[in-house]
There are 2 protein chains.
Amino acid sequence: MEKETTIYDIARLLNLSPATVSRALNDHPAINSNTKQLISNKALEMGYRSNTFASNLRRQQTKTIGVIVPRLDSSFMSTVLSGMEKVANEANYNLIISQSLESSRKEMANAKTMFNSRVDGLLVSLAADTDNLEHFSTFFRKGIPMILFDRVMPQKNCTNIVIDNLKAGYEATAHLLGQGCRRIMHVTGSVKRNVYADRLKGYKMALLEHGLPVEDELIRLTDFTRQDGLDVADEIARMPSPPDGLFVASDLCAASCMGGLRKNGFSIPKDIAVVGFNDDPIAQLVEPNLTTIHYPGQEMGEIAAQSLINHLNGLLRISTTNTILLNYELIVRESSRRV
Amino acid sequence: MEKETTIYDIARLLNLSPATVSRALNDHPAINSNTKQLISNKALEMGYRSNTFASNLRRQQTKTIGVIVPRLDSSFMSTVLSGMEKVANEANYNLIISQSLESSRKEMANAKTMFNSRVDGLLVSLAADTDNLEHFSTFFRKGIPMILFDRVMPQKNCTNIVIDNLKAGYEATAHLLGQGCRRIMHVTGSVKRNVYADRLKGYKMALLEHGLPVEDELIRLTDFTRQDGLDVADEIARMPSPPDGLFVASDLCAASCMGGLRKNGFSIPKDIAVVGFNDDPIAQLVEPNLTTIHYPGQEMGEIAAQSLINHLNGLLRISTTNTILLNYELIVRESSRRV
DNA sequence: CTGAAAGCGCTTACAG
DNA sequence: CTGAAAGCGCTTACAG
């Protein structure tokens, strides 16, 4: 194992001071450009690589961003992370990624780990049962910036990055109404989370606007598991007057529900039209293809990471009222096309 | 922003030396247990957090593991990463994750970044078109350990973690034969990759063993895209004597192919029985449910990370011949059940 | 069982 | 435009 070259080695060989070498390597304006050239050539030649730890220790920053997500193994989250990775990479930041597995307790533990890793900033999407942001107070006190994305919560000095879930929920429901549905069921998740609460509100708003009643019987709170989808299908089959439209706030769950409905003899979209949410790959793989809301995961990840990095570089302040809304899109496929 | 407490602060308040505080905090055996107690209480009280950068700089290690995968947004890879994260987290290692997007060029760039980040070790699954491991030679030279998983390549001093893809491919094909199929098509990916080459070998072996010919017309090399699946379905529909069995080395592609086949009037499994690979969630969401090979992603991630960490801690040497084989399982569902 | 001292590799305020 | 010097916060060989 060969020894690492340091700026001292370069300095010695070039009869310069380590200070000058350091400045040149960091493209400091005060250094003569010939000297810079000389130094960077030598550095290359000697296979020099900067020691991040020494630099971080000295600069008192880590060049690391912490990411806490509910789960890693979802198609949506993968695209988000992919976007974050891209941006962070380009800006020479590293990502520390951890998952809360939808548990507030694990989220707290993760926050603690991130704190001890001294991340420069935090990118968080909340677990299903998180009630408040108390466990992030250590970050707020230290002035470490945090951005919430997708599953957010209003918080002073904390940018929220979301789509307009209310409007999306409204559009999904309105679409079903436009296809002639008059009795629409909505399957959603924990209403502690903005994403589900807002979609539900949008659903209700669409119904009311069309003079239809909001019936508790037609609203199901689930965990979006495969089994939940099947259960909902069975329930529907047992109902005296089953719904003719179904809006599920998750594609995966919508897909399993469609399977269950078919087993129960329902024809989709004839008997019951279905709309999902997220535009996961699954939407185009089930039969009939699933109508859904396209959710810009990659973009959301990129924007979240970029905003945080801009803030860290002083290029953008994360202020009190800062909410970034991304565009979504209703994508109509066969599962809901009736007219 | 309050100042960070350091071991000097603790030492001063306790009238001890920083050396003793450092040792106590690291649970050094030579330190009196009362002193340890005293120090750790004080540290807690003062909200002390160890500075990893100073420690890493001094110890000349980074406590960081680099991970390079073909893509982040696959269901299989998510579970692998989830397993790695779990193990790394417990062992106080951080993960730097990057994706090659199936490109050998990007994989080289990633390797370079990892090298400059001075990762303690590397966990890699190869891109589709990678021909050799030259771009990792800097790591080999420096003695930085590397473990290959899933898409591997034989390499001195490099553990490979895989399932027996040949046997799995054989079983998938033998299962179709057992269901009465006599003309089986195989859709696979880049045969540069062991996973696809081996499954193909298994497929051929099963055919030969049953006295059936291996026909080039029945072997398709694809990228496993949705479109590839549809194209294969269309090709099948145009064949004078279409296959009665289909083994696709990817669930996602198998699913889109099933959709295409149905559009072309094929009934599954009656006209054509289908087997996929990986046991992605999609397998249980398509109709009919997809027979597939269950692939232990989470476990693979855990074992890869654990092996690397054990090696770094000197608990296990990654030796020349080290290949870890994980168990897989053929899961029979409706897409292939004919008897 | 505890301490003094050196050093890991950088960066930067200060001086010239 | 360049340098000398201090310091970031830890760890550890050596000494006692």
Side-chain angles (χ1 to χ4, degrees), chain A residues 1-40 42-43 46-64 92 94 115-120 142 313, chain B residues 1-40 42-43 46-64 92 115-118 120 142 313:
Chain A
M1 178 153 163
E2 58 212 82
K3 203 193 151 297
E4 292 285 343
T5 29
T6 68
I7 52 171
Y8 287 90
D9 301 326
I10 300 175
R12 201 179 327 111
L13 264 68
L14 255 29
N15 269 116
L16 287 165
S17 74
T20 303
V21 174
S22 171
R23 290 200 186 92
L25 259 14
N26 288 306
D27 207 17
H28 188 107
I31 303 293
N32 182 301
S33 61
N34 291 326
T35 318
K36 271 187 196 167
Q37 198 51 253
L38 200 69
I39 290 174
S40 83
K42 199 69 183 175
M46 300 178 69
Y48 170 77
R49 48 178 186 169
S50 163
N51 186 319
T52 334
F53 297 97
S55 170
N56 287 347
L57 174 60
R58 185 50 235 261
R59 292 202 222 225
Q60 302 279 62
Q61 59 165 13
T62 66
K63 281 280 189 181
T64 297
N92 280 314
N94 286 141
F115 187 69
N116 287 329
S117 309
R118 305 189 182 213
V119 294
D120 287 341
K142 270 223 185 323
N313 293 336
Chain B
M1 179 152 161
E2 57 211 84
K3 201 191 152 297
E4 292 285 343
T5 30
T6 69
I7 54 171
Y8 287 90
D9 302 325
I10 300 176
R12 200 178 326 110
L13 264 68
L14 256 28
N15 268 117
L16 287 165
S17 74
T20 303
V21 174
S22 170
R23 291 200 186 93
L25 259 14
N26 287 307
D27 207 18
H28 188 108
I31 303 292
N32 183 300
S33 62
N34 291 326
T35 318
K36 272 187 196 167
Q37 198 51 253
L38 200 69
I39 290 174
S40 82
K42 200 69 183 176
M46 299 178 71
Y48 169 78
R49 49 178 186 167
S50 163
N51 186 319
T52 333
F53 297 97
S55 170
N56 286 347
L57 174 60
R58 185 50 235 260
R59 291 202 224 226
Q60 302 279 64
Q61 59 165 14
T62 65
K63 279 281 185 180
T64 297
N92 280 314
F115 187 69
N116 287 330
S117 308
R118 304 188 184 215
D120 287 341
K142 270 223 184 324
N313 293 335

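Below, chain A is the first sequence line, B the second, and so on; all start at residue 1.
- Atom CG in A:Asn34 sits roughly 10 Å away from atom P in D:dC1 (whole-Å rounding).
- Backbone-only engagement by B:Thr6 is indicated by non-hydrogen atom pairs under 4.0 Å involving sugar-phosphate atoms exclusively.
- Place A:Tyr8 and A:Thr35 on DNA chain D by their nearest nucleotides, and A:Thr35 ends up nearer the 5' end.
- Both the sub-6.0 Å distance and the 45° axial angle are not jointly satisfied by B:Arg118 relative to the ring of A:Phe53.
- For B:Tyr48, taking side-chain heavy atoms from C-beta onward, the closest of the listed nucleotides D:dG3, C:dT2, D:dC10 is D:dC10.
- At whole-Å resolution of the value, CD1 in B:Ile10 and C1' in D:dC10 are 12 Å apart.
- The main-chain N or O of A:His28 is found under 3.5 Å from a side-chain atom of A:Lys36 such that the two form a donor-acceptor pair.
- Heavy atoms of B:Ser55 sit under 4.0 angstrom from primed sugar atoms or phosphate atoms, though from no base atom.
- Side-chain contact between B:Asn51 and A:Leu57: present, with at least one pair of heavy atoms (C-beta onward) separated by less than 4.5 Å.
- The residue among A:Pro29 and A:Gln60 whose nearest nucleotide of DNA chain D lies closer to the 5′ end is A:Pro29.
- Judged by distance alone, with hydrogens and angles left aside, A:Arg23 brings a side-chain donor or acceptor within reach of the base of D:dG3, the pair sitting under 3.5 Å.
- B:Asn51 has its CG atom 18 Å from the P atom of C:dC8, to the nearest Å.
- Comparing atom distances between the B:Ala19 side chain and each of C:dT2, C:dC8, C:dA5 picks out C:dA5 as nearest.
- Here A:Thr52 lies out of heavy-atom contact (under 4.0 Å) with every strand.
- Pair assignment for D:dG16 gives C:dC1, based on Watson-Crick or G-U wobble hydrogen-bonding distances that are each under 3.5 Å.
- Atom C1' of nucleotide C:dC10 and atom CG of A:Asp9 are separated by 13 Å, given to the nearest angstrom.
- Across all strands, A:Phe53 comes closer than 4.0 Å to no nucleic acid atom at all (heavy-atom distances).
- In this structure, the side chain of A:Asp120 engages the main chain of A:Lys63 through a donor-acceptor pair within 3.5 Å.
- No side-chain heavy atom of B:Thr62 sits under 4.5 Å from any side-chain heavy atom of A:Thr52.
- Under 4.0 angstrom from either OP1 or OP2 of C:dG3 there lies at least one side-chain N or O belonging to B:Ser17.
- Nucleotide C:dT2 holds its P atom 15 Å from the CG atom of B:Asn26, rounded to whole Å.
- In this structure, B:Asn56 reaches neither bases nor backbone, as no heavy-atom distance under 4.0 Å exists between it and the strands shown.
- In this structure, B:Leu16 atom CG and C:dC1 atom C1' are separated by 11 Å, rounded to whole Å.
- Atoms CG (B:Leu57) and P (C:dC8) sit 9 Å apart, rounded to a whole Å.
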Just do the side chain to side chain contact (heavy atoms under 4.5 Å, CB included) check on A:Val21 and A:Leu14 with the steps written out, would you?
CA-CA 9 Å; A:Val21 174; A:Leu14 255 29; 5.7 Å; no
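- The nucleotide whose nearest atom lies closest to any side-chain atom of A:Ala54 is, among D:dC1, D:dG3, C:dG9, C:dG9.
- At whole-Å resolution of the value, CZ in A:Arg59 and P in C:dC10 are 11 Å apart.
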